[in-house]
Amino acid sequence: MIIGVWNDTAGVEAAGLARRSSVAVWVGPERGYPTVGAHPASRQLYLTECVSAVPEAGTRVVTFGLETPYGQQLYLGAVWPVAGERYLRLLASTSDSAELALFWQMLATITHEIR
């Protein structure tokens with residue numbers, strides 16, 4: 001079940017950019033990190049995993065960067081248990097490292113209640 005999606009398309013067409021910033025959040029039975037598709041010529045720039053950066057128990061977070069033929073794209077993925085065999089998963093992407101830091105700040109404020 002998709003909870004929310006946000007896409008920043010302002011100026012994308014005018015600037016001729018191939019990528020944009022986005023965040024998607026959903027709940028499902030998958031317990032692994034969200035995945036992304038990439039151009040075959042893409043190469044991974046870095047990968048960092050952290051299990052303690054978010055206050056919610058059991059949360060796992062990964063950041064990674066890809067260099068593609070269209071430029072650099074940065075990602076933040078997260079997964080954490082919410083109830084039983086259900087997991088909340090988040091995937092954020094941007095080409096701006098400052099914006100990636102904002103996604104980290106956003107993630108640090110997310111909490112949930114089981115009703």
Side-chain angles (χ1 to χ4, degrees):
M1 167 181 29
I2 294 177
I3 295 174
V5 176
W6 170 82
N7 290 301
D8 177 13
T9 58
V12 171
E13 294 84 10
L17 300 174
R19 303 295 293 192
R20 62 182 186 271
S21 298
S22 65
V23 178
V25 181
W26 65 100
V27 173
E30 300 85 9
R31 64 179 71 202
Y33 288 122
T35 59
V36 299
H39 188 280
S42 299
R43 67 180 181 86
Q44 185 173 312
L45 301 171
Y46 66 90
L47 178 113
T48 305
E49 183 177 25
C50 183
V51 293
S52 63
V54 178
E56 285 293 316
T59 303
R60 297 185 330 264
V61 181
V62 65
T63 61
F64 61 97
L66 297 177
E67 184 66 44
T68 75
Y70 311 107
Q72 182 175 297
Q73 194 68 14
L74 310 173
Y75 296 90
L76 181 143
V79 59
W80 60 92
V82 287
E85 291 297 314
R86 297 287 173 208
Y87 297 86
L88 193 137
R89 297 170 73 195
L90 176 141
L91 182 63
S93 68
T94 182
S95 56
D96 182 349
S97 60
E99 195 163 275
L100 189 68
L102 291 175
F103 290 148
W104 263 107
Q105 291 175 7
M106 175 195 67
L107 184 62
T109 66
I110 294 177
T111 61
H112 75 278
E113 294 181 19
I114 299 173
R115 295 180 189 238

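The structure presented is a predicted model; accordingly, all values stated were derived computationally and were not measured.
By the criterion of side-chain heavy atoms lying less than 4.5 angstrom apart, applied directly or through intervening Ile, Leu, Val, Met, Phe, Trp or Tyr residues, Leu102 is not grouped with Val61; the two fall into different hydrophobic clusters. Residues Leu100 and Leu45 share a single hydrophobic cluster, defined by chaining ILVMFWY side chains whose heavy atoms lie under 4.5 Å apart.
Between the CD atom of Glu99 and the CD atom of Gln105 there is a distance of 11.5 Å, given to the nearest 0.5 Å. Rounding to the nearest 0.5 Å gives a distance of 10.5 Å between CD of Glu67 and CD of Gln73. Atom CZ of Arg86 is separated from atom CD of Glu30 by 8.5 Å, given to the nearest 0.5 angstrom.
Using a 4.5 Å heavy-atom threshold, the side chains of Thr63 and Tyr46 count as touching. Contact check for Val62 versus Tyr75: no side-chain heavy atoms found under the 4.5 Å cut-off. Here the side chains of Ser97 and Leu74 are in contact, with some heavy-atom distance below 4.5 Å. Within the 4.5 Å cutoff, the side chain of Leu90 has heavy atoms near those of the Leu76 side chain.
Between the side chain of Arg89 and the backbone N or O of Gly32, at least one donor-acceptor pair lies under 3.5 Å.
Here the shortest heavy-atom pairing between Ser42 and Pro69 reads OG-CD, 4.2 Å. In terms of heavy-atom proximity, Ser22 sits nearest to Phe103 at O-CZ, 4.0 Å. A pairwise comparison of heavy atoms in Leu66 and Ala38 identifies CD1-CB, 3.9 Å as the closest pair. Annotation for Asp96 and Thr94: closest pair N-OG1, 3.1 Å, computed over non-hydrogen atoms.
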